[in-house]
Protein chains: 2
Amino acid sequence: MDKYHHGNLKAALLKAAFQLVGKIGSEALTLRGVARRAGVSHNAPYRHFKSKEDLVAALATEAFRQLHQFLKDAMASTDPAGRLGAAARAYLRFGLANRARFHVMFHSAFDRASYPEYVAAYRDVLSLLSEMMHARGDLNPKEIAIGEELIWASVHGITELGIAQRLRYGKVEELEELVDVAVASLLRGLT
Amino acid sequence: MDKYHHGNLKAALLKAAFQLVGKIGSEALTLRGVARRAGVSHNAPYRHFKSKEDLVAALATEAFRQLHQFLKDAMASTDPAGRLGAAARAYLRFGLANRARFHVMFHSAFDRASYPEYVAAYRDVLSLLSEMMHARGDLNPKEIAIGEELIWASVHGITELGIAQRLRYGKVEELEELVDVAVASLLRGLT
DNA sequence: ACCTGAACACCGTTCAAGT
DNA sequence: ACCTGAACACCGTTCAAGT
């Protein structure tokens, strides 16, 4: 109720930013717009973020944490054999359901090296893939290393092009089928 | 020499925009900056482009035409059997050599439906892939349709992540190897 | 500590005016 | 036709001031 000492402005700003980005797209996001939506003056955000870049980095970091949780949930509800496929489809669905957010995660212009928490959140997502590849037990280290890159890039590519509505097989079920075929073919191709 | 009646301002603006985008990145591109670089007043561009979006669309269209030519050249200097692989590696190399341009081609915010020449230039690039898939003669229509999407998405994904320096196998030769393995595995997986 | 209003240098876009 | 300068409503950022 104490309007002046907001207490939770940082969280409120991030929430407002997520809403705005979903509404107007990542390119149109402005710091002043975020402040407006959070009901504070246009430079109140500077108490919590030292620049617009800083806010965007926090947004991308938080989004990677959400993706991490989403993938873990999808993996937990599947037996080990189907886990990789389930995670890949979950990656796709997360992107399709959060288009602008996905854009912020991968295409915002901030300098990644300056944001170690971003790098950590990002690494956590990729670690899930690495764990699954190791858990299979049928691949040697070199195959695992190449397989991770190939599978990630393919699923990511399908997600990017699906989000941009650039694929003829553009419905969610069709895109999931593409993901399944890609993962299966690439795994077979490794050995 | 006639400085006033420029005659070729549209081409000069596009050239300046390409240079600028390569220098400062696609996100930082401004219409006023382009005009400045072309040596004209900040609203001279409005004689040739009705908005910034319009200029960006023209930029993306021209970039797709360049990619089309680049792919055709790569294909022409390879025998039919290796053509698909050569084109895929060329796609990758084009992206790596023109990072900001690639970003404009795929991630600018203009409304594609309003720019038919963009759609045409884009389709021309994808037609090359379609032709190559048909020319193989070992695939049925459904396999071709799915194969096109899979191969394009995978090569595109490797290119996107390679450009963003997000892959451990990040050197050009390593990325080309990933492209080769992806294309071969996906083709084998189709049948 | 947290927030505000005024100010600065930018930006996209429009308009009236110049050749 | 093609180009310019002034103007408007924005933006990110800084600063001095308020509680």
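This structure is a prediction, so every number in the text was calculated from the model and none was measured. Throughout, protein chains are lettered first and strands after them, A, B, ... in sequence-line order, and every chain is numbered starting at 1.
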Can you tell me the distance, in whole Å, between the [atom1] atom of [X] and the [atom2] atom of [N]?
X	N	atom1	atom2	answer
B:R36	C:dC10	CZ	C1'	9 Å
B:N43	D:dC3	CG	P	11 Å
B:K50	C:dT14	NZ	P	11 Å
B:F110	C:dG12	CZ	C1'	18 Å
B:E27	C:dC11	CD	P	16 Å
A:F49	D:dT13	CZ	P	13 Å
A:H42	C:dA6	NE2	C1'	8 Å
B:L55	C:dC11	CG	P	14 Å

Among C:dC3, D:dG12, D:dT4, the nucleotide that comes nearest once only the side chain of A:K52 is considered: D:dG12

Identify, between A:R47 and A:R32, the residue whose nearest nucleotide on DNA chain C lies closer to the 5' end.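 Taking each residue's closest nucleotide, the earlier one in sequence belongs to A:R47.
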
Between [X] and [N], is there a contact of a side-chain N or O with OP1 or OP2 at under 4.0 Å?
X	N	value
A:Y46	D:dT13	yes
A:H48	C:dC3	yes
B:T30	C:dC11	yes

Name all residues meeting the ring-ring contact (aromatic ring centres under 6.0 Å, His included) criterion together with A:Y115; count only those two or more places apart in sequence or in a different chain, and write none if there are none.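 Testing A:Y115 for ring-ring contact (aromatic ring centres under 6.0 Å, His included), a comparison that skips the adjacent residues, returns A:F110.
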
Apply side-chain hydrogen bond (donor to acceptor under 3.5 Å, both in side chains) to B:E160 and list each qualifying residue two or more places apart in sequence or on a separate chain. B:H107, B:H156

Can a side-chain donor-acceptor contact be found between B:E148 and B:S130 if the only test is distance below 3.5 angstrom? yes

Distance-only donor-acceptor check, side chains B:R112 and B:Y122, under 3.5 Å: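 Distance-only check fails for B:R112 and B:Y122.
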
Can you tell whether the side chains of B:R93 and B:E176 come within less than 4.0 Å, N to carboxylate O?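 Salt bridge between B:R93 and B:E176, a charged N being under 4.0 Å from a carboxylate O: yes.
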
Intra- and inter-strand pairs of DNA chain C in dot-bracket (Watson-Crick or G-U wobble, both distances under 3.5 Å; | for another strand): ||.|||||...|||||.||

So do A:L150 and B:I158 actually touch side chain to side chain, heavy atoms under 4.5 Å?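 Result yes, sub-4.5 Å side-chain heavy-atom pair found.
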
Sub-4.5 Å side-chain heavy-atom contact between B:F70 and B:R65: no

